[in-house]
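Protein chains get the first letters and strands the later ones, always in sequence-line order, with residue 1 at the start of each. This one's a predicted model, so the numbers in the text were calculated from it and none came from an experiment.
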Amino acid sequence: MFIPCDRGGDSAAPDFKGFTLLMPAVSVGNVGQLAIDLVISTLDMTKVGYFYTDCLVPMVGNNPYATAEENSTELSINAEVYSLPSKKLVVLQIRSPFIKNKYRPFCETLLSWVKSSKCARVVLLSSSHAYQRDDEQLLGTPLRYLLTPDLEKAVGGRMKELNWKEMEKVAAYPGISDTEKVLHIPGGGITKLLFTESCSEGIQMAVLLKFCSEGDNIPDAFVLVNYLNEWLQLIKSEVNPSSQWKIPSSWRLLFGNGLPPALF
Amino acid sequence: VLLCQCSCYVAEDQQFQWLEKVFGSMQKKGLQVTILSTCPVADYKTQESTLTLVSPFLKALKTKEFQEQVCCPLLEQPNIVRDLPAAVLSYCQVWQIPAVLYQCYTDVIKLDTVTIEAFKPLLSSKVLKSLAKDASESTKILKKFLTTSETHNNIYI
């Protein structure tokens with residue numbers, strides 16, 4: 001559940017009415033989470049609360065977006081909420097994996113929070129296994145989008161203008177023709193469940209995902225966040241939009257420590 | 001002062017329930033929590049290699065409400081803490097309870113006096129000062145504790 005940071009008597013709870021909720025799915029390559037890190041770090045968003053839940057593995061650490069000695073000692077937990085009222089943007093960052101059998105309870109808690117806080121729409125950043133693509137998907141852009149029916153009415157046209165590609169449905173039984181087509185997002189974690197629940201509950205949700213593999217997923221994160229930016233225009237996309245995103249200090253040493261000198 | 005010793009492994013899907021059980025029956029007003037934990041030094045992320053680091057060493061993490069002096073440097077990014085100590089600290093941060101976690105990075109798997117001695121600075125902290133009998137005797141006392149269990153650690157009969 002959402003717990004605001006400031007709970008003093010005279011400070012009002014943050015109001016997210018009409019805001020866009022941006023969040024990641026814990027998916028292959030952690031691309032959604034890396035992209036969210038870029039958004040929070042670049043827009044210098046303020047932490048407004050925690051999403052305290054028993055559905056995620058616990059973890060703590062000091063401020064991952066620290067820029068100086070002074071702001072480096074603030075404790076961060078596994079799921080936190082940041083906001084930027086000037087852009088009517090609220091971001092949920094998830095920093096650890098889901099505990100077994102907790103996908104559904106988390107979806108329920110999250111969607112109930114979306115409804116009670118009156119967020120206008122949800123944008124979910126995700127990824128899917130690149131090796132599961134069929135022959136047609138191997139060609140062209142690795143980026144896909146999905147819209148719930150309620151959001152399709154509002155922004156479907158914009159997606160067409162941007163020339164974006166909708167995530168294809170695949171045959172329920174591959175190899176057998178005339179079977180029904182279903183949505184399949186391998187490696188997408190909670191993506192499919194959250195999307196189908198949002199469809200049935202009338203929530204305006206968009207899923208933006210990239211086909212990728214595990215490895216150095218920083219370039220994938222940049223591609224995904226630029227894709228998001230084409231639509232939401234969070235930063236000015238000039239000649240080289242990638243250089244506009246600020247890498248957080250917590251991305252240091254992603255591939256381990258320095259080497260022992262005695263090795264050579 | 002309530003001392004809670006957890007000597008068994010608490011699985012990730014039980015940590016939340018463990019917390020609710022332990023903190024559920026405690027008064028939160030005026031509560032201060034100190035968490036002591038160890039973990040392998042190989043998990044410590046730093047620019048240089050962990051082989052060149054002098055271990056064991058102590059690092060701390062504290063909640064927003066914790067205003068006192070910590071007895072060692074704070075844990076730098078990009079290091080994180082997991083499992084039960086993280087669950088307890090998260091709980092304290094969210095519910096605004098002053099808490100501090102002291103994590104000892106050690107290269108020894110078994111219990112030994114050197115690792116335990118790394119926690120010695122805590123004996124002079126505000127919270128534990130009144131509890132510790134005589135810090136100068138600590139080395140002698142520790143040696144006594146561990147000689148009794150050493151014979152069981154010998155791999156030779």
Side-chain angles (χ1 to χ4, degrees), chain A residues 1-8 37 41 47 49-69 71-81 95-102 105 247-264, chain B residues 10-20 33 35 37 39-53 59-67 70 73-101 103 105:
Chain A
M1 59 207 231
F2 174 67
I3 316 277
C5 282
D6 288 317
R7 298 204 285 288
D37 261 352
S41 172
K47 180 158 70 178
Y50 310 101
F51 201 79
Y52 192 56
T53 170
D54 63 342
C55 302
L56 297 166
V57 171
M59 67 132 285
V60 287
N62 274 329
N63 184 10
Y65 312 111
T67 46
E69 188 76 40
N71 60 18
S72 65
T73 57
E74 202 189 304
L75 196 69
S76 273
I77 68 166
N78 57 5
E80 297 186 316
V81 180
R95 299 196 173 98
S96 62
F98 280 92
I99 290 175
K100 210 166 133 177
N101 302 327
K102 292 290 191 176
I247 291 183
S249 51
S250 57
W251 282 20
R252 282 177 59 236
L253 304 172
L254 273 176
F255 299 103
N257 292 346
L259 299 167
L263 196 66
F264 304 106
Chain B
V10 180
E12 58 192 27
D13 58 345
Q14 293 177 327
Q15 284 160 8
F16 201 81
Q17 285 73 23
W18 188 99
L19 274 174
E20 294 295 314
V33 179
I35 309 156
S37 170
C39 85
V41 72
D43 286 350
Y44 185 68
K45 289 210 164 46
T46 175
Q47 197 64 40
E48 64 242 34
S49 157
T50 48
L51 287 178
T52 55
L53 283 174
K59 290 284 175 183
L61 277 178
K62 59 186 174 78
T63 61
K64 199 168 174 185
E65 303 292 315
F66 188 83
Q67 303 294 341
V70 289
L74 289 177
L75 186 63
E76 317 83 359
Q77 271 291 346
N79 290 286
I80 58 167
V81 172
R82 299 167 224 260
D83 298 324
L84 199 57
V88 179
L89 206 63
S90 301
Y91 181 94
C92 294
Q93 172 78 350
V94 171
W95 302 115
Q96 297 177 326
I97 301 169
V100 62
L101 159 67
Q103 176 101 306
Y105 287 88

*Asks:* Pick one of side chain, backbone, both or neither for Asp13(B), based on which atoms fall under 4.5 Å of a heavy atom in chain A.
*Replies:*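 The answer is both parts of Asp13(B).
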*Asks:* Classify the ring geometry between Tyr52(A) and Phe16(B) as parallel (under 30°), tilted (30 to 60°) or perpendicular (over 60°).
*Replies:*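 Plane angle between 30° and 60°, so tilted.
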*Asks:* If you round to the nearest 0.5 Å, how far is CZ of Arg252(A) from OG1 of Thr46(B)?
*Replies:*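 CZ of Arg252(A) is found 7.5 Å from OG1 of Thr46(B).
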*Asks:* With a 4.5 angstrom heavy-atom cut-off, could you sort out which part of Ser72(A) is near chain B: side chain, backbone, both or neither?
*Replies:* neither
*Asks:* Side chain, backbone, both or neither: which part of Ser96(A) has a heavy atom under 4.5 Å from chain B?
*Replies:* neither
*Asks:* Side chain from CB out, backbone as N, CA, C, O: work out which of these in Asn78(A) comes under 4.5 Å of a heavy atom of chain B, or both, or neither.
*Replies:* neither
*Asks:* About how many Å separate CD of Gln93(B) and SG of Cys5(A), when rounded to the nearest 0.5 Å?
*Replies:*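 Between Cys5(A) SG and Gln93(B) CD, I get 7.5 Å after rounding to 0.5 Å.
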*Asks:* Supply the atom-to-atom distance Leu56(A) CG to Glu12(B) CD, rounded to the nearest 0.5 angstrom.
*Replies:* 10.5 Å
*Asks:* If you take the centroid of each ring, where Trp contributes its six-membered ring, are Tyr91(B) and Tyr50(A) closer together than 6.0 Å?
*Replies:* no
*Asks:* Heavy-atom pairs under 4.5 Å with chain B: which of Gly258(A), Pro64(A), Gly49(A), Ser249(A) has the most?
*Replies:* Gly258(A)
*Asks:* Report the distance from atom CG of Asn62(A) to atom CG of Leu74(B), rounding to the nearest 0.5 Å.
*Replies:* 6.0 Å
*Asks:* Say you draw a straight line from CD of Gln77(B) to OG of Ser76(A); how long is it, rounded to the nearest 0.5 Å?
*Replies:* 7.5 Å
*Asks:* With a 4.5 angstrom heavy-atom cut-off, could you sort out which part of Leu84(B) is near chain A: side chain, backbone, both or neither?
*Replies:* neither
*Asks:* Which residue out of Leu253(A), Ile77(A), Ile99(A) racks up the most heavy-atom pairs below 4.5 Å with chain B?
*Replies:*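 The candidate making the most pairs under 4.5 Å is Leu253(A).
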